[in-house]
Amino acid sequence: RHRPIRTDVDRRIDGRTLVSQGPSAVTTTAQETYAMLGSEPIWHAASACHEALANAGAPHAILGGGRDPPPASPDPAAMDFAGNDIHFVRCDEPEACVRAAVRLCSEVLPRALRLDPLRDIQVLAPMHKGSGGIHALNLALQERLRRGPGAPGRIGVGDKVIQTRNNYDLGVFNGDLGVVTAQSEGGGLEVDFDGNRVELERAQANDLQLAYAISIHKSQGSEFPAVV
C-alpha cells in the first residue's frame, strides 16, 4: 500500500538553484518520493553544497549570485590576472566579441599567462551562425593563429581541429582535439591529438572540423587551462 503524498513537502530551494521546468522536472518527482517514503528532502544537501561553493569563491557561485562578479573591462589588455580566475570583457556588438576573442587568444592570454594559443586556450560559443558565431570565430582565429599556409576556412597544416566521429581503427574519437602537423599530396592529414599522431586519409579527414572555437555542447566533459 502506498501512503498518500504529503502536500506540505519542503520546497525551499537554494536561491542559486534553477527550478526544473516541463519534462526536466524530475527533481520535483524525486522530492515528492522522498517525502512519501518519510526521508529527508534532498534540497538541504544541495543548498549546503552551493554554500560551500560560494564560500570557496567558485565560478558557479559568481555566476549564480553568490558573489559580485568582477567589473567588465572595455580593453582585454587592461585586465589584471592576479588573484582572480574569472574576467569579463565588455563587447556591445557580435563583431566586437570576435575581435576581443582574437586578441585574447593571440596576444593577451599567451603573454600574461604564458599559454599556448592552440593547445591551452579554447574559445566556446553557444551558436554556429551569425557574425559572432562559431563559424565567424573560427575564420578570424584561423587567420591569426594558423601556423601554416592555406585558404580561409579550409583545414591545413597548423590548424586546430576536432574529430567529429569515432574511429576505432585509428584510436581517435568524437570530441578529440588536435593540431594538423602535415598534409600529403593526396589530401591526407597528419594530426597530433595530444601526443597521439594519427595519419588520416582524405576521406577520413572529412571527419575533422576547425576547433579554434567550438560549441559549449562539444566542450562538455573537457577541461582547458583557459576558456574564452
query: What heavy-atom pair brings Gly130 and Ala136 nearest, and what distance separates the two atoms?
result: O-CB, 3.7 Å
- prompt: Which heavy-atom pair separates Pro225 from Leu115 by the least distance, and what is that distance?
  reply: CB-CD2, 4.3 Å
- line: Rounding to 0.5 Å, atoms CD (Gln183) and CG (Leu200) come to a distance of 11.5 Å
- prompt: Is the side chain of Asp192 donor-acceptor paired with the backbone N or O of Gly178 at a distance under 3.5 Å, no angle test?
  reply: no
- prompt: How far does CG of Leu141 sit from OG of Ser106, to the nearest 0.5 angstrom?
  reply: 8.0 Å
field: Side chain to side chain, Glu201 and Leu170, heavy atoms closer than 4.5 Å
entry: no
Short side-chain to backbone donor-acceptor contact, Ser219 and Ser222, under 3.5 Å: no
query: If you take all heavy atoms of Val89 and Ala72, which pair is closest and at what distance?
result: C-CB, 4.4 Å
- prompt: What distance separates Phe224 CZ from Asp120 CG, expressed to the nearest 0.5 Å?
  reply: 11.0 Å
query: Same cluster for Val179 and Phe193 if Ile/Leu/Val/Met/Phe/Trp/Tyr side chains link at under 4.5 Å?
result: yes
message: Using 0.5 Å steps for rounding, measure from the NZ atom of Lys218 to the CD atom of Gln209.
response: 5.5 Å
- request: Look at the side chain of Asp176 and the backbone N and O of Phe173, then say whether any donor-acceptor pair between them is shorter than 3.5 Å.
  value: yes
field: Within one Ile-Leu-Val-Met-Phe-Trp-Tyr cluster: Val161 and Leu137, side-chain cutoff 4.5 Å
entry: yes
statement: Rounding to 0.5 Å, atoms CZ (Arg111) and CG (Leu104) come to a distance of 10.5 Å
- request: Report yes if the side chains of Thr181 and Arg197 come closer than 4.5 Å at any heavy-atom pair, otherwise no.
  value: yes
message: Checking the side chain of Asn174 only, and the main-chain atoms of Asn166 only, is there a donor and an acceptor separated by less than 3.5 Å?
response: no
- request: Work out which heavy atom in Ala213 is nearest to a heavy atom in Gln122; give both atom names and the distance.
  value: CA-NE2, 3.9 Å
field: Close side-chain approach of Val108 and Phe81, heavy atoms under 4.5 Å
entry: yes
query: Quick check: does any side chain N or O of Asn138 sit under 3.5 Å from a backbone N or O of His135, one acting as donor and the other as acceptor?
result: no
field: Verify same cluster id: Ile162, Leu139 (apolar side-chain graph, 4.5 Å)
entry: no
message: With a 3.5 Å distance limit and no angle check, can you tell me whether Gln142 reaches the backbone of Gly153 through a side-chain donor-acceptor pair?
response: yes
query: Are Ile121 and Leu113 joined in one hydrophobic group, where the rule is that I, L, V, M, F, W and Y side chains link up if heavy atoms are under 4.5 Å apart?
result: yes
query: Is the count of non-hydrogen atoms from other residues, nucleotides or ligands lying under 6.0 Å from His87 atom NE2 greater than 12?
result: yes
- prompt: Are there more than 12 heavy atoms of other residues, nucleotides or ligands under 6.0 Å from atom CD of Glu143?
  reply: no
task: Check whether Ile216 and Met127 end up in the same hydrophobic cluster, where Ile, Leu, Val, Met, Phe, Trp and Tyr are linked by side-chain heavy atoms less than 4.5 Å apart.
output: no
message: For a quick test of reading the model, state the closest non-hydrogen atom pair linking Cys105 to Pro117 and the distance between them.
response: O-CB, 3.4 Å
query: Pro152 and Arg146: which non-hydrogen atoms are nearest, and at how many Å?
result: N-NH2, 4.1 Å
message: Measuring only between side-chain heavy atoms, which start at C-beta, is Asp194 closer than 4.5 Å to Leu177?
response: no
message: Which residue is it: Val102, Leu118, Val123? I am looking for the one with a side-chain contact (heavy atoms from CB on, under 4.5 Å) to Tyr212.
response: Leu118
Salt bridge present between Asp116 and Arg147 (N-O < 4.0 angstrom): yes
Sub-4.5 Å side-chain heavy-atom contact between Ile214 and Ile134: no
- prompt: Do Glu199 side-chain atoms and Leu189 backbone N/O form a donor-acceptor pair below 3.5 Å?
  reply: no
- prompt: Any sub-3.5 Å donor-acceptor pair from Glu190's side-chain atoms to Ser184's backbone N or O?
  reply: no
query: Would you call Glu93 and Arg99 a salt bridge, using N to O less than 4.0 angstrom?
result: no
Reported CG-to-CG distance for the pair Leu208 and Asp159, which is rounded to 0.5 angstrom: 10.0 Å
- prompt: Considering only heavy atoms from C-beta outward, does the side chain of Gln163 approach that of Val198 to under 4.5 Å?
  reply: no
